[in-house]
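Below you'll find the structure, written out as structure tokens, and then a few comments.
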Protein chains: 2
Amino acid sequence: MATQAAAATAEASSSVPSTADRILDAALAVLARDGVAGVSMRAVASEAGVAVGLANYHFESKTAMICAALERIGDRDIDLVTPRDIDATPAEQLRECLHRAFDPSFLDASYLSLRLQLWSLAGVDSVYAEINQGAQRRYLDGLAALIDAARPDLSQPGAARRAADVLIEQNGVWLTAILVPDQAAIDRALARCEALAFDPL
Amino acid sequence: MATQAAAATAEASSSVPSTADRILDAALAVLARDGVAGVSMRAVASEAGVAVGLANYHFESKTAMICAALERIGDRDIDLVTPRDIDATPAEQLRECLHRAFDPSFLDASYLSLRLQLWSLAGVDSVYAEINQGAQRRYLDGLAALIDAARPDLSQPGAARRAADVLIEQNGVWLTAILVPDQAAIDRALARCEALAFDPL
DNA sequence: CAGACTGTTGAACAGTCGTTCAAACTCGTG
DNA sequence: CACGAGTTTGAACGACTGTTCAACAGTCTG
């Protein structure tokens, strides 16, 4: 089910996911379940229900396959700061996006586990680090743009500053949500995020 | 040098670290540098300058060795909420501990990388998850005790609530510090931590 | 139908993995 | 010196790793 959902986000245009996409979904599933150490070409192929050789046919190497899988995580992050209701006011859009990042369906164990895997990979290999930094930067830019649109009273660097503060708060919640879940603390963090974004100064 | 420092914390009593300690230090060094996937018995033994078999002589298995190494990270976290100056007032102790967690020497890349590895392992294997949860709980308790002592006006659950909020903020900074370093944002987060701990209510 | 092309399979290769173990080494004690 | 207990070594084992590749299936073109 998680596999289908991920495939749907990745290939919204065509209803039936390509083999390469099915392999990537399998890679993400294995990564979330067993961690980096559990990701072998055979495990991924088996999860996808294909033969070993096929993974190497669609991806140049194991590293390339993992990179492609990690890009997907970044893509899903960008969705978080992409307004859904284009008719809403900028302030409403910003508020909705802030809430979205704290939604229980997003604070889901397997997705947060994936984030953690991406982050830990980024700290170790420069190839993965670039993917992660790119995703973080795009996310930060998207957040800053949202705040900029919702707060005409702020300067552009002022909006960027608030975006950086919100990101720290969100990263803290995302991390803590996996380790020691505490819904009340999450709610208070959401309130702080809104304050960081909306409070005058 | 990092190895020596870690060994010193681990074996403060005797000046020369035991072989088991040297192996654990090596394991942490490899873990921080190459990540979970890079930790093999051979790599650790080579880093420690000993033969392969010796690691298995001192530790029952690879998992047991990693567990022992991870316990050390938790121990170092507890130091963060252990007051150094016992003559200082509780409020001073609390403030000093809050600052300590944001000190550049603590926000060091290799140590944060270690934390990340621990966290990602915790999301995957229950053995590591218990170690991590234990460490987080002890840290949270220590922080709550500090706040409790510094704020006689707060109830005990009130202090625990503030500790949880501070933890989210700190986790956010620790994570963001690795991914997109931003000293100004870190300083603002520290200010928020102090506010969370000291503001009346 | 022949041919070319893409997709797919699974056996095979050379490594590396965790773990075991006989052998060697070190040291304090008899 | 000899003995035994505690350390340390590195070769060896079987299982698993990423990658390659000949073989096969399917489809479309001429």
Side-chain angles (χ1 to χ4, degrees), chain A residues 3 7 10-11 14-70 117 120-121 124-128 131, chain B residues 3 7 10-11 14-70 117 120-121 124-128 131:
Chain A
T3 303
E11 264 218 0
S14 118
S15 60
V16 44
S18 73
T19 305
D21 281 318
R22 273 179 22 238
I23 293 176
L24 283 187
D25 290 334
L28 286 179
V30 174
L31 192 59
R33 185 186 347 111
D34 303 323
V36 209
V39 177
S40 71
M41 299 304 271
R42 282 167 179 81
V44 171
S46 161
E47 177 87 17
V50 298
V52 234
L54 198 55
N56 273 101
Y57 173 78
H58 286 285
F59 301 96
E60 193 191 359
S61 66
K62 178 186 173 183
T63 303
M65 184 188 73
I66 294 184
C67 283
L70 295 185
Q117 302 301 328
S120 69
L121 280 173
V124 155
D125 193 307
S126 63
V127 184
Y128 305 130
I131 294 178
Chain B
T3 302
E11 263 214 4
S14 115
S15 60
V16 44
S18 73
T19 307
D21 280 319
R22 274 179 22 237
I23 293 177
L24 283 186
D25 290 334
L28 286 178
V30 174
L31 192 59
R33 184 186 349 111
D34 304 324
V36 208
V39 177
S40 71
M41 299 304 271
R42 276 167 245 271
V44 171
S46 161
E47 177 86 17
V50 299
V52 232
L54 198 55
N56 273 101
Y57 174 78
H58 284 285
F59 301 97
E60 192 191 1
S61 68
K62 180 186 172 182
T63 304
M65 183 189 72
I66 295 184
C67 282
L70 294 184
Q117 302 301 329
S120 69
L121 279 174
V124 154
D125 194 305
S126 63
V127 184
Y128 305 130
I131 294 177

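Scope of the values below: all heavy atoms of this structure, side chains included, with no hydrogens, waters or symmetry mates. Computed from a prediction, not measured in an experiment: that's the story for all the values here. Numbers restart at 1 for each chain; the letters A, B, ... are given by sequence-line order, proteins then strands.
Screening A:Ile131, A:Val36, A:Val127 against A:Leu121 for a side-chain contact (heavy atoms from CB on, under 4.5 Å) leaves a single residue, A:Val36.
One atom, CG of A:Asn56, and another, C1' of C:dT8, lie 13 Å apart when rounded to the nearest Å. The CZ atom of A:Phe59 sits 13 Å away from the P atom of C:dG7 (whole-angstrom rounding). The distance from atom CG of A:Asp34 to atom P of D:dC16 is 14 Å, rounded to the nearest whole Å. Note: CG (B:Leu54) to P (D:dG6) measures 15 Å, nearest angstrom. Between A:Met41 atom CE and C:dT9 atom C1' the separation is 15 Å, expressed in whole Å.
A close approach under 4.0 Å does not occur between any side-chain nitrogen or oxygen of A:Tyr57 and OP1 or OP2 of C:dT8. A sub-4.0 Å separation between OP1 or OP2 of C:dT8 and a side-chain N or O of A:His58 is present. Between C:dT16 and B:Ser40, no contact under 4.0 Å exists linking OP1 or OP2 to a side-chain N or O.
Nearest-nucleotide assignment on DNA chain D puts the 5′-proximal partner with B:Thr19, out of A:Ala37 and B:Thr19.
The two residues B:Met65 and B:Leu24 come nearest to each other via the heavy atoms O-CD2, 3.6 Å.
Within the model, atoms CG of A:Leu28 and CG of A:Leu70 stand 7.5 Å from one another, a figure rounded to the nearest 0.5 Å.
B:Val39 comes within 4.0 angstrom of sugar-phosphate atoms only, judged by non-hydrogen atoms across all strands, and of no base.
Between D:dG18, C:dC17, D:dT9, one nucleotide has an atom nearer to the side chain of B:Arg42 than all others, and that is C:dC17.
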